[in-house]
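Note that this is a predicted model, so its numbers are computed, not measured.
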Amino acid sequence: SNAPGPGREVADVSSIPQVRRAQLEAQLQALRNGTEPGAAPRVGDFVAVLQVHGADRKHLEGRIGKVVGTLPLPNLAHSGGALSLHFDGDGAAFGDDGLVLTVAAKDVRITEA
């Protein structure tokens, strides 16, 4: 096969199948934006809550919040620490002024850095 493999140089980008090229370009764009999987959220980033442990009384799962604080937890390897997120007010569960809640960093994904 003439297809380039791992560690082999690609002389002509057009030789890469279109679907694979689109995947690679999306990954590069995510790296540029700071939204790649495993990226550490920073103050000012917007994140989506992927998982809530226990009862989700505030209906956080799937909501977007802005990171307003970070707390690294070096004793918990690979935890990513905790994040304080501000959620805009909704007139209901988050009131009119919004709400700041703390969530585990491993339970969010950066949507906008």
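The structure places CD of Gln18 at 8.5 Å from CD of Glu25, a figure rounded to the nearest 0.5 Å. For the atom pair Phe46 CZ and Ile110 CD1, the distance stands at 12.5 Å (nearest 0.5 Å).
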(Q) Assess the residue pair Lys66 and Val47 against the criterion (side chain to side chain contact (heavy atoms under 4.5 Å, CB included)); give the C-alpha distance rounded to whole Å, side-chain angles, the decisive distance to 0.1 Å, and a yes or no. (A) CA-CA 6 Å; Lys66 183 177 183 177; Val47 298; over 6 Å; no
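Counting heavy atoms from C-beta outward, Leu50 and Val108 have side chains that stay 4.5 Å or more apart. Using a 4.5 Å heavy-atom cutoff, the side chains of Leu31 and Gln27 are not in contact. Side-chain atoms of Thr111 and Ile64, non-hydrogen and from C-beta on, do get closer than 4.5 Å to each other. Considering only heavy atoms from C-beta on, Leu85 comes within 4.5 Å of Val67 through its side chain.
When all heavy atoms of Thr102 and Ala82 are compared, the closest pair comes out as CG2-CB, 3.9 Å. Annotation for Asp88 and Phe94: closest pair O-CD1, 3.6 Å, computed over non-hydrogen atoms. When all heavy atoms of His86 and Val100 are compared, the closest pair comes out as CD2-CG2, 3.8 Å.
Judged by distance alone, the side chain of Asp56 and the main-chain N or O of Glu61 form a donor-acceptor pair under 3.5 Å.
Open room surrounds CZ on Arg57; 12 or fewer heavy atoms of other groups in view lie less than 6.0 Å from it. Other residues, nucleotides and ligands contribute over 12 non-hydrogen atoms within 6.0 Å of the CZ atom of Arg21.
At a threshold of 4.5 Å between side-chain heavy atoms, the hydrophobic network of Ile, Leu, Val, Met, Phe, Trp and Tyr places Leu83 and Val52 in one connected group. Under a hydrophobic clustering in which Ile, Leu, Val, Met, Phe, Trp and Tyr are joined whenever their side-chain heavy atoms come within less than 4.5 Å, directly or via other members, Leu99 and Val49 fall into the same cluster.
Ionic pairing of Arg63 and Asp90 is present here: one or more N-O contacts between side-chain nitrogen and carboxylate oxygen are shorter than 4.0 angstrom.
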